[in-house]
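Comments concern the structure below.
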Amino acid sequence: MSTLFAELYNRETVEGRFNANRLLELLKEDPVYRVAYKKMEIPKNTELNSTHILDEHIHFLEKGIVSYEYEDQIISFSSEGDILGMNDIFIPKASKYNVRTITETTIYTFSKQDVLNNIFSMQEGWLFLYLNNQNYNTLVAEKYMLMRQIGKTRLKNILVDIAEKYGYPDDDGIKIPECFTRKDIANYANLSTNSMSQICKILENENFCVIKSKQFILLNTNTKNRNAFTNNSVKQRKE
């Protein structure tokens, strides 16, 4: 099936023609596919599952950042342009994830059944669901590989990833937003509080980063360094 889809459409073509933003536009404005929705402002540090916001609905993130958590372990983060509540269509386990806002968040919420009815009626919609499922599988695989790295390397790669996705320029480098607390980053990296503190001191001594007012500032976040971190981790594990 994967080969068939790859032959018919490549990922760039599908995502360029039919992505989350295009789907949101259709659901909000298209006379054929338009369905009722609500625009909601969610306070910081709200668990969406406990407030039943995720029940039988699909949500499009317009603004803000949320964390996906499974059994109190942060699995990933999502932000503007991402969709909440889509992964459990093919993967029931995904419905057990807790979603927590780590900033003030704005979402558009739709009936899941209404959205699926429209998606299933579009050829591009089926492909969109397929790619969404593939992206989820890739995320799980990357998280698994990340957890196999040694603590220092794992934290480096996580900080680089967060900086590249959410960071902004600072006089000293790339600053990670303060919503990514040391506690949450340690949780995401599966590090204890003590291990996190010890590794942070090492990274500062190595001029990898500095920590000012509880914010991480990465002094060097290029891709080559990320690959070097991974290669060093494999080498150290072999030794």
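Remark: side-chain polar atoms of Asp82 are paired, donor with acceptor, to backbone N or O of Ser79 under 3.5 angstrom. Glu47 places no side-chain N or O within donor-acceptor distance of the main-chain N or O of Asn98, the cut-off being under 3.5 Å. The backbone N or O of Ile65 sits less than 3.5 Å from a side-chain atom of Thr103, completing a donor-acceptor pair. Of the possible donor and acceptor atoms, none in the side chain of Asp161 sits under 3.5 Å from a partner among the backbone N and O of Asn157. A donor-acceptor pair under 3.5 Å links the side-chain atoms of Asn117 to the main chain of Gln113, judged by distance alone. With hydrogens and angles ignored, the 3.5 Å screen pairs a side-chain donor or acceptor of Arg34 with a backbone N or O of Glu29. Under the 3.5 Å distance criterion, the side-chain polar atoms of Thr105 are left unmatched by any main-chain donor or acceptor of Ile42. Without hydrogens or angle criteria, Arg154 side chain to Gln149 main chain gives a donor-acceptor distance under 3.5 Å.
Between Asn135 atom CG and Leu131 atom CG the span is 6.5 Å, to the nearest 0.5 Å. Between atom NE2 of residue His57 and atom CG of residue Leu48 there is a gap of 12.5 Å, rounded to the nearest 0.5 Å. Atom-to-atom distance recorded for Glu69:CD and Asp184:CG is 7.0 Å, nearest 0.5 angstrom. From Glu41, atom CD reaches atom NZ of Lys63 across 5.5 Å, with rounding to the nearest 0.5 Å. Leu159 CG to Ile199 CD1: the interatomic distance, rounded to the nearest 0.5 Å, is 10.0 Å. A distance of 6.0 Å separates NZ in Lys156 from CZ in Phe208, rounded to the nearest 0.5 Å.
At a cut-off of 3.5 Å, with distance as the only test, no side-chain donor of Asn21 or Glu25 sits close to an acceptor on the other residue. Between the side chains of Gln215 and Ser213, no donor-acceptor pair of N or O atoms lies under 3.5 Å.
In this structure the side chain of Glu206 reaches within 4.5 angstrom of the side chain of Lys152, judged on heavy atoms. A heavy-atom distance below 4.5 Å is found between the side chains of Met86 and Leu129. A 4.5 Å side-chain heavy-atom check between Ile58 and Tyr37 finds every atom pair outside the cut-off. Side-chain contact between Ile83 and Phe128 is present, with heavy atoms from C-beta onward closer than 4.5 Å. Side-chain contact between Glu142 and Leu146: absent, with no pair of heavy atoms (C-beta onward) separated by less than 4.5 Å.
Nearest heavy atom pair, residue Ser76 against residue Leu139, reads OG-CD2, 3.7 Å. Looking at every heavy atom in both residues, Cys200 comes nearest to Leu155 through SG-CD2, 4.4 Å. Here the shortest heavy-atom pairing between Ala36 and Phe110 reads O-CD2, 3.6 Å. Taking each heavy atom of Gly167 and Pro177 in turn, the nearest pair found is CA-CD, 4.1 Å. Closest non-hydrogen pair, Phe216 versus Cys209, comes out as CD2-SG, 4.3 Å. The two residues Phe60 and Ala20 have their closest heavy-atom pair at CE2-O, 3.6 Å.
In the hydrophobic clustering of this structure, Val160 groups with Met147; members are Ile, Leu, Val, Met, Phe, Trp, Tyr whose side-chain heavy atoms approach within less than 4.5 Å, directly or through other members. One hydrophobic cluster, built from ILVMFWY side chains closer than 4.5 Å, holds both Leu23 and Phe120. Transitive grouping of hydrophobic side chains (ILVMFWY, heavy atoms separated by less than 4.5 Å) keeps Ile202 and Ile158 in distinct clusters. When the side chains of ILVMFWY residues are joined at heavy-atom separations under 4.5 Å, either directly or via intervening members, Val115 and Val32 end up in a single hydrophobic cluster. A continuous path of Ile, Leu, Val, Met, Phe, Trp and Tyr side chains, each step under 4.5 Å between heavy atoms, connects Val99 with Met40, placing both in one hydrophobic cluster.
Classification of Asp170 and Lys212 as a salt-bridged pair fails, no side-chain N sitting under 4.0 Å from a carboxylate O.
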Report the C-alpha distance between Tyr188 and Ser67 in whole Å, list the side-chain angles of each, state the deciding distance to 0.1 Å, and finish with yes or no for side chain to side chain contact (heavy atoms under 4.5 Å, CB included).
CA-CA 10 Å; Tyr188 184 43; Ser67 65; over 6 Å; no
Given the rule in the side chain to side chain contact (heavy atoms under 4.5 Å, CB included) test, do Thr181 and Lys214 qualify, once you have shown the distances and angles that lead to the verdict?
CA-CA 7 Å; Thr181 64; Lys214 299 182 180 181; over 6 Å; no
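In Gln73, the CD atom is crowded: over 12 heavy atoms of neighbouring residues, nucleotides or ligands sit closer than 6.0 Å. Residue Glu80 places its CD atom among 12 or fewer non-hydrogen atoms of other residues, nucleotides or ligands, all under 6.0 Å distant. Atom OH of Tyr168 has more than 12 heavy atoms from other residues, nucleotides or ligands within 6.0 Å. Within 6.0 Å of the CD atom in Glu62, the count of heavy atoms belonging to other residues, nucleotides or ligands exceeds 12.
Between Leu218 and the choices Ile176, Val210, Leu203, the side-chain contact (heavy atoms from CB on, under 4.5 Å) rule is met once, by Ile176. The side-chain contact (heavy atoms from CB on, under 4.5 Å) with Arg182 is formed by just one residue from the set Asn187, Thr193, Ile211; it is Ile211.
A cation-pi contact, defined as under 6.0 Å to the ring centre and within 45° of the axis, is absent between Lys165 and Phe77.
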